[in-house]
Amino acid sequence: MDTPVQRVVIKVGTHVITNKDNRITGKILAKLVEQIAYLYEHGIHSVLVSSGSVIAGKEVMGHQLKATDKITRRQVFSAIGQPRMMRHYYNLFHHHGMRCAQVLATKRDFDLGKHRDNMVNCYEGLLAEGVIPIANEDDAVSLSMSTFTDNDELASLVAELIHADMLILLTDTDGLYNGHPDNAGSELIPHLRVDEPVEQYIQQTDKGEASGRGGMASKLQAAKHTARRNIPTFIANGKKDHIITDIVFGKTAGTKITL
């Protein structure tokens, strides 16, 4: 690699950490944390942007929820699910002798001024202590006008905020294809530059209530936005073994987006 990587932002999508029954998969979480611990042992600090709180809340409440309003349901599921997700991560990092912290944010926190300065102080303080920040949107209190499009946008903003050397967006496909991933003729695009018009290849998919909000279109948008700030960005399959460490240590994996 040209320059040693010291700071990485890793975004984990809902579809990475859930199984076909839409339940959180502990084994996947454990593999992700193990890779972050490995990076830390090699002097590389990570920030984890983790989806899954809505699914985790739904696992608790199931069909008991009285609310019918879509936004209210999401807020309730998220508020219940956040501590569950953090308990998963706390225990997994503790197993590696590490500590993690939750950093909840609204879009307003990234606006220039005191809010942003406060966020920088928080992240820098945690990283200096060797604590892994786990970022998520404060779904429970976010107003519609201060809501992130999805966690891909949040991850992109965090990468800018901490001057990351790399952003990794983990999903359940191997990267961006020049067609639908299920089509026999489609091929993975290993590398693209921000000015390449590859949006034409993206298929819109329909998602349920508990699913993440971000599809491949939002990943590509976030990736290009981040790459324009000279932060190489990868879209890759989070279910693959060693995917994070492979990317950080320069192995070819997923789709790389650069200037």
What is the distance from atom OH of Tyr40 to atom NE2 of His45, rounded to the nearest 0.5 Å?
5.5 Å
Minimum-distance pair of heavy atoms, taken over all atoms of Ser53 and Asn136:
OG-ND2, 4.1 Å
Between Leu126 and Val47, is the side-chain contact (heavy atoms from CB on, under 4.5 Å) condition met? List the steps.
CA-CA 10 Å; Leu126 289 169; Val47 174; over 6 Å; no
Among residues at least two apart in sequence or on other chains, which ones pass side-chain contact (heavy atoms from CB on, under 4.5 Å) with Thr25?
Asn19, Lys27, Ile28
State which residues pass salt bridge (Lys or Arg N to Asp or Glu O under 4.0 Å) with Asp117; sequence neighbours excluded, sorted by chain then number.
none
Would you say the side chain of His15 lies within less than 4.5 Å of the side chain of Thr171, judging by non-hydrogen atoms?
no
Minimum heavy-atom separation for Leu154 and Ala135, please, with both atom names.
CD2-C, 4.3 Å
Is a side-chain donor or acceptor of Ser218 paired with a backbone partner of Gly215 at a separation under 3.5 angstrom?
yes
Taking Thr106's backbone N and O only, do any of them form a donor-acceptor pair with Asp138's side chain (distance below 3.5 Å, no angle check)?
no
Only counting residues at least two apart or in another chain, list the ones meeting salt bridge (Lys or Arg N to Asp or Glu O under 4.0 Å) with Lys239.
none
Between Tyr177 and Val198, is there a shared hydrophobic cluster once you connect ILVMFWY residues whose side-chain heavy atoms come closer than 4.5 Å?
no
Taking the side chain as everything from C-beta on, heavy atoms only, tell me whether Met166 gets closer than 4.5 Å to Ile247.
yes
Can you list the steps and then say if Gln35 with Val248 is a side-chain contact (heavy atoms from CB on, under 4.5 Å)?
CA-CA 10 Å; Gln35 291 175 83; Val248 172; over 6 Å; no
Would you say Leu220 and Tyr201 make side-chain contact, with heavy atoms under 4.5 Å?
no
Residues sharing Leu104's hydrophobic cluster, by side-chain heavy-atom contacts under 4.5 Å among ILVMFWY, directly or via others?
none
What distance do Met119 atom CE and Leu161 atom CG have between them, rounded to the nearest 0.5 Å?
5.5 Å
Report the hydrophobic cluster partners of Tyr90, with the cluster defined as I, L, V, M, F, W, Y residues connected by side-chain heavy atoms closer than 4.5 angstrom, directly or transitively.
none
Going by the rule side chain to side chain donor-acceptor pair (under 3.5 Å), which residues pair with Asn237 if we only count those two or more places apart in sequence or in a different chain?
Asp174
Taking atom CD1 of Ile24 and atom OG1 of Thr18, what is their separation to the nearest 0.5 Å?
6.5 Å
For the side chain of Glu196 and the backbone of Arg193, is there at least one donor-acceptor N/O pair under 3.5 Å apart?
yes
Side chains of Gln221 and Asp152 in contact at under 4.5 Å (non-hydrogen atoms)
no
Determine, stepwise, if the pair Leu170 / Leu32 fulfils side-chain contact (heavy atoms from CB on, under 4.5 Å).
CA-CA 10 Å; Leu170 295 178; Leu32 294 169; 3.8 Å; yes
I'd like to check Ser186 versus Pro181 (side-chain heavy atoms, cut-off strictly below 4.5 Å). Are they in contact?
no
For atom NE2 of His191, is the number of surrounding heavy atoms from other residues, nucleotides or ligands below 6.0 Å larger than 12?
yes
How close do Ala67 and Thr72 get, counting heavy atoms only, and between which atoms?
CB-CG2, 3.9 Å
Are any of the side-chain heavy atoms of Arg116 and Asp109 separated by less than 4.5 Å?
no
If the condition is side-chain contact (heavy atoms from CB on, under 4.5 Å), which residues does Arg228 pass it with, not counting sequence neighbours?
Val194, Lys224
Is it true that Val9 and Val120 fall in one hydrophobic cluster, defined by side-chain heavy atoms closer than 4.5 Å?
yes
Rounded distance (nearest 0.5 Å) linking atom CD of Glu34 with atom NE2 of His242
8.0 Å
Report yes if the side chains of Ile17 and Met85 come closer than 4.5 Å at any heavy-atom pair, otherwise no.
yes
Where Leu169 and Ala222 come nearest, the two heavy atoms and their spacing:
CD1-CB, 4.5 Å
Once you round to the nearest 0.5 Å, how far does NE2 of His95 lie from CG of Asn91?
11.0 Å
Please name all residues satisfying salt bridge (Lys or Arg N to Asp or Glu O under 4.0 Å) with Glu160, sequence neighbours left out, ordered by chain then number.
Arg229
Answer whether the closest heavy-atom distance between the side chains of Phe249 and Leu39 falls below 4.5 Å.
yes
With clusters defined by side-chain heavy atoms of hydrophobic residues (ILVMFWY) lying less than 4.5 Å apart, directly or transitively, does Tyr89 cluster with Ile168?
yes
Could you tell me the separation between the CZ atom of Arg23 and the CD1 atom of Ile55, rounded to the nearest 0.5 Å?
9.5 Å
Closer than 3.5 angstrom, by distance alone: can the side chain of Thr255 be matched with the main-chain N or O of Ile189 as a donor-acceptor pair?
yes
Salt bridge between Glu137 and Lys11, side-chain N to carboxylate O under 4.0 Å?
no
Begin from the C-alpha positions of Glu153 and Lys107 and carry the test side-chain contact (heavy atoms from CB on, under 4.5 Å) through to its verdict.
CA-CA 10 Å; Glu153 184 187 15; Lys107 204 165 182 176; 2.9 Å; yes
Who passes side chain to side chain donor-acceptor pair (under 3.5 Å) against Tyr123, sequence neighbours left out?
none
Partners passing ring pair (Phe, Tyr, Trp, His ring centres under 6.0 Å) against Phe110 (at least two apart in sequence or in another chain)
Phe148
Minimum heavy-atom distance Ser46-Pro133, with the two atoms named
O-CD, 3.5 Å
Is there a path from Ile235 to Leu259 through hydrophobic residues (I, L, V, M, F, W, Y) whose side chains come within less than 4.5 Å of each other?
yes
For residues 47-57, the salt bridge (charged side-chain N to carboxylate O under 4.0 Å, His left out) pairs (sequence neighbours left out) are none
Salt bridge (charged side-chain N to carboxylate O under 4.0 Å, His left out) between Glu129 and Arg99, intermediate numbers included
CA-CA 9 Å; Glu129 298 295 337; Arg99 292 159 298 178; 5.5 Å; no
Please check if the side chain of His42 supplies one atom and the backbone of Ile44 the other of a donor-acceptor pair under 3.5 Å.
no
Of all residues at least two apart in sequence or in a different chain, which pass the salt bridge (Lys or Arg N to Asp or Glu O under 4.0 Å) check with Lys251?
Asp246
Smallest separation among heavy atoms of Leu65 and Met61, with atom names:
CD1-CE, 3.7 Å
